[in-house]
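Read through the structure below, which is laid out as structure tokens, and then see the notes.
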Amino acid sequence: GDSVTQMEGPVTLSEEAFLTINCTYTATGYPSLFWYVQYPGEGLQLLLKATKADDKGSNKGFEATYRKETTSFHLEKGSVQVSDSAVYFCALRVGTGTASKLTFGTGTRLQVTL
Amino acid sequence: DAGVTQSPTHLIKTRGQQVTLRCSPKSGHDTVSWYQQALGQGPQFIFQYYEEEERQRGNFPDRFSGHQFPNYSSELNVNALLLGDSALYLCASSLAGRRDTEAFFGQGTRLTVV
């Protein structure tokens with residue numbers, strides 16, 4: 001079946017540090033890949049996505065590249081801020097339309113300190 | 001434009017009781033999916049509704065059931081509640097048939113079973 005593996009957290013960084021959160025996947029078909037962010041007490045917000053190999057998703061300074069050869073979709077940001085503190089989820093979706101559930105990783109908590 | 005709205009936001013139930021959670025999708029969306037997020041875990045897919053029918057189901061027992069109404073809103077019902085059903089229940093809406101469709105999540109319903 002489909003699965004997503006994320007690096008364990010929590011990840012603690014100082015403000016302006018470089019961030020990498022690793023994500024690898026196993027999929028039965030050709031997936032679309034996503035990063036979602038969850039702030040305390042809130043639901044999930046889509047951060048970025050990529051739908052085919054070598055696509056780079058980007059948003060708010062975060063980037064991730066769809067690497068089919070290594071089945072990876074690592075999240076990076078060059079300079080984190082305290083406001084980036086949240087839980088980050090890597091997810092995949094195979095198929096479209098009515099049979100297109102999201103499969104999530106377990107999440108990585110990021111804490112950014114001054 | 002209202003996003004995905006869920007009600008109630010918090011709920012406390014006793015073991016063995018039944019509960020109904022409600023979701024209104026984002027305007028223009030026709031597909032609703034439900035997820036269970038246990039504390040410290042990633043969301044797990046429960047089921048998806050499209051055209052008032054359950055289209056796909058995750059690995060959840062029959063105690064979990066749902067419904068979609070003609071206006072695309074949806075309900076999640078859980079019977080014979082167990083302590084292990086305590087979780088954040090997330091509703092996501094999307095538009096069927098598009099590979100690049102984005103799932104929008106509500107803020108969730110926090111269910112506590114005592």
Within a reach of under 6.0 Å around OH of B:Tyr72, are more than 12 heavy atoms found that belong to other residues, nucleotides or ligands?
no
Salt-bridge test for B:Asp85 and B:Arg63: reply yes if a basic N is under 4.0 Å from a carboxylate O, no otherwise.
yes
Aromatic rings A:Phe89 and A:Phe104: how do their planes relate, parallel, tilted or perpendicular, breaks at 30° and 60°?
perpendicular
Cut-off 4.5 Å, heavy atoms of chain A, and the answer for B:Gln6 is neither
Okay, B:Phe104 and chain A: the region with an atom under 4.5 Å from a heavy atom over there is neither
Which atoms of A:Gln6 come close to chain B, meaning under 4.5 Å heavy atom to heavy atom: side chain ones, backbone ones, both, or neither?
neither
I'd like to know which of A:Val87, A:Val4, A:Leu44 tops the heavy-atom pair count under 4.5 Å against chain B.
A:Leu44
Check against side-chain hydrogen bond (donor to acceptor under 3.5 Å, both in side chains), B:Gln18 and B:Thr20:
CA-CA 7 Å; B:Gln18 178 265 344; B:Thr20 298; 3.0 Å; yes
